[in-house]
2 protein chains.
Amino acid sequence: MMQTDEQAFLQHYDKTAYDTPLVTVDPVLFTYHEGQLNVLLVQRSGHPDRQMWGLPGGFVDLQRDATLEDTALRKLREKTGVEPPYLEQLHTFGNATRDKRSWSVTVCYTALIAHQECAAHIATVTDVRWVSMAQLATLPLAFDHGMIIEHARARLRQKALYSIVPAYALPEKFTLPELQQLHEALLGKPLQKKSFRRRIEQAELLIDTGEKRMDSGGRPAALYRMGKESGAYTFVRNLEA
Amino acid sequence: MMQTDEQAFLQHYDKTAYDTPLVTVDPVLFTYHEGQLNVLLVQRSGHPDRQMWGLPGGFVDLQRDATLEDTALRKLREKTGVEPPYLEQLHTFGNATRDKRSWSVTVCYTALIAHQECAAHIATVTDVRWVSMAQLATLPLAFDHGMIIEHARARLRQKALYSIVPAYALPEKFTLPELQQLHEALLGKPLQKKSFRRRIEQAELLIDTGEKRMDSGGRPAALYRMGKESGAYTFVRNLEA
DNA sequence: TGAATAGTGTCTGTGAGACAATATGCC
DNA sequence: GGCATATTGTCTCACAGACACTATTCA
């Protein structure tokens with residue numbers, strides 16, 4: 001059977017003939033713990049920017065990763081031992097100077113997870129830790145990762161205005177006051193209890209587990225969990241910025 | 001002067017030692033013309049998918065492009081002769097199978113421009129043309145570009161609900177009925193004149209040029225142009241989806 | 001004057017903001 | 001009961017939807 005032009009082309013195609021940027025994937029994994037938004041950072045063991053703290057990312061592995069999401073999830077598994085319930089592409093940063101080695105492109109993701117989900121795994125190592133947003137400025141950050149984290153935080157803040165996506169940074173079961181506190185932390189301002197609850201109830205986003213949490217010394221709060229499509233839901237009317 | 005560890009590392013770093021994906025940038029350039037949303041397509045002259053129609057993108061040129069945006073703008077200039085007034089990153093698609101040559105990553109952008117801005121340049125060539133959304137299905141599309149265009153259209157549709165970004169697909173001066181028709185085309189349903197005008201007026205997004213357009217056989221419509229930050233403005237309350 | 005299109009007046013309904021009032025646990 | 005926190009009642013206000021009405025051009 002005769003070969004087509006394209007088959008001949010592909011057989012002789014030498015992709016090393018083109019100069020191509022380095023390609024990494026960098027997930028920004030957030031969690032909410034003790035009133036603070038935290039981001040997962042890793043201390044770099046190799047050059048460049050050795051010893052500095054950076055995102056838990058790395059190069060795409062053409063053999064093991066079928067997609068960019070695979071790379072993101074693989075790196076997160078390596079550092080946390082688990083996969084996050086929320087992963088969404090954030091932005092791709094690429095230019096000639098962000099990596100000293102070469103023209104470099106990083107495809108960034110925002111990921112959210114409950115603090116306790118990775119607590120056990122992280123406790124076993126010293127080069128992976130949660131860093132609160134307030135602490136961030138005190139650490140030496142690799143590459144442009146500080147800017148990327150800020151970008152991710154700003155986007156999550158926006159989502160707090162028109163969705164309940166931040167809930168994925170809480171445990172599977174959580175109370176409405178907890179979720180509201182998280183949103184308040186993201187927005188940097190208090191919210192009206194009534195407004196916050198009303199919109200979530202009307203959209204039927206959360207499922208009442210029937211359980212109550214009674215640690216905090218007052219009336220017990222109802223424990224909810226996320227509904228099936230609740231992460232994808234967007235309110236038609238936003239909270240005030 | 002003594003070399004640091006990192007300097008030594010960088011001097012001996014051989015980036016060809018790593019297997020890296022191909023990196024392209026693919027802008028989805030839309031315009032609005034004669035009641036239709038149109039997308040700019042290019043007939044491919046080389047393999048793979050030769051003769052098929054695709055987005056006006058290409059490889060990052062490590063020498064000429066300082067950033068990914070540079071690549072996007074360079075490719076658009078090559079095909080249209082001009083730069084669009086709106087360019088925003090859309091999404092990055094990357095997997096092992098989308099390009100027959102290799103694991104491939106494409107950083108996609110949504111761009112908007114007035115139809116007449118590139119009319120002159122496009123008229124001189126046969127391998128670049130505007131294709132209406134309705135015509136799209138009739139053309140053989142290269143790679144996964146059909147999916148990417150659909151993704152871009154869906155995002156622009158969303159923006160029509162909470163911003164006036166689509167206005168960049170119109171000429172510099174345009175009327176409110178024209179903008180409303182564009183939004184209606186994107187949303188696939190009629191909108192209330194009053195609501196549409198009211199929100200734009202209250203947010204002071206458009207500047208009245210004082211001129212009128214009087215071609216359409218009825219009362220002349222006021223000509224407006226975009227305000228300085230109007231593209232970045234988002235309404236707190238969306239139109240109904 | 002009538003057709004065609006642009007632009008306004010105004011009513012209704014929804015839902016966020018504000019904040020007071022009530023409920024439910026613990027000691 | 002008193003404290004702390006959760007949950008609800010209810011008023012106001014901004015603004016999108018609906019649709020009738022007026023305004024301005026041309027033939």
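Only a predicted model underlies this, so the values are computations on that prediction, with no experimental measurement involved. Any value given below was found using the heavy atoms of this structure, including those in side chains, with hydrogens, waters and symmetry copies removed. Each chain gets a letter, A, B and so on, in the order its sequence line appears, and its residues count up from 1.
For the pair A/Leu29/A/Trp130, a side-chain contact is recorded, criterion being any heavy-atom separation below 4.5 Å from C-beta on. Contact annotation: the side chain of A/Leu176 approaches that of A/Leu206 to within less than 4.5 Å [non-hydrogen atoms, C-beta and beyond]. Under the 4.5 Å side-chain criterion, counting only non-hydrogen atoms from C-beta, B/Pro84 is in contact with B/Leu73. Between A/Leu239 and A/Arg199, the closest side-chain pair of non-hydrogen atoms falls below 4.5 Å. Residues A/Leu156 and A/Leu112 meet the side-chain proximity criterion, which asks for heavy atoms closer than 4.5 Å.
Looking at B/Arg155 and B/Glu88, no side-chain N of the basic residue comes within less than 4.0 Å of a carboxylate O on the acidic one, giving no salt bridge.
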Please tabulate, for the side chains in residues 163-170 of chain A, all donor-acceptor contacts under 3.5 angstrom to protein atoms that are two or more places apart in sequence or on a different chain.
unit_1: A/Ser163; atom_1: OG; unit_2: A/Lys159; atom_2: O; d: 2.9
unit_1: A/Ser163; atom_1: OG; unit_2: A/Val165; atom_2: N; d: 3.2

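The stretch residues 218-236 of chain A touches DNA chain C through A/Gly218, A/Arg219, A/Pro220, each having a heavy atom under 4.0 angstrom from the strand. Residues from residues 193-201 of chain B with heavy atoms under 4.0 angstrom of DNA chain D, sorted by number: B/Lys194, B/Ser195, B/Arg198, B/Arg199. A heavy-atom distance below 4.0 Å to DNA chain D is reached by none of the residues of residues 153-180 of chain B.
We find that CZ of A/Arg213 is positioned 13 Å from C1' of D/dA6, with the value rounded to whole Å. Distance CG (B/Leu191) to C1' (C/dG7): 16 Å, rounded to an integer number of Å. If you measure from atom CD of B/Glu211 to atom P of C/dA6, you get 17 Å, rounded to the nearest angstrom. Atoms CZ (A/Arg237) and P (C/dG13) sit 16 Å apart, rounded to a whole Å. Separating the CG atom of B/Asp215 from the C1' atom of D/dT24 is a distance of 14 Å, rounded to the nearest angstrom. Distance CG (A/Asn238) to C1' (D/dA16): 14 Å, rounded to an integer number of Å. Separating the NE2 atom of A/His183 from the C1' atom of C/dA16 is a distance of 15 Å, rounded to the nearest angstrom. Protein atom CE of B/Met214 is 7 Å distant from nucleotide atom P of D/dC26, rounded to whole Å.
Between B/Tyr32 and B/Phe30, the distance from one ring center to the other does not fall under 6.0 angstrom.
Test B/Gln180, B/Glu184, B/Gln181 against B/Pro190 for side-chain contact (heavy atoms from CB on, under 4.5 Å) and you get one pass: B/Glu184.
Applying the side-chain hydrogen bond (donor to acceptor under 3.5 Å, both in side chains) criterion to A/Gln135, with sequence neighbours excluded, gives A/Ser132.
Proximity of a side-chain donor or acceptor of A/Asp208 to a complementary backbone N or O of A/Gly210 within less than 3.5 Å is detected. Panel note: side chain B/His145, backbone B/Leu55; a donor-acceptor pair is recorded below 3.5 Å.
A side-chain donor-acceptor contact under 3.5 Å links B/Ser195 and B/Arg198. Judged purely by distance below 3.5 Å, without hydrogens or angles, the side chains of A/Thr209 and A/Arg225 never pair a donor atom with an acceptor atom.
Terminal axes of the helix from C/dT1-D/dA27 to C/dC27-D/dG1 (five pairs each, C1' rotation axis) are separated by 10°, to the nearest 10°.
Contact between the side-chain N/O atoms of B/Gln192 and the OP1/OP2 oxygens of D/dA18 is found at a separation under 4.0 Å.
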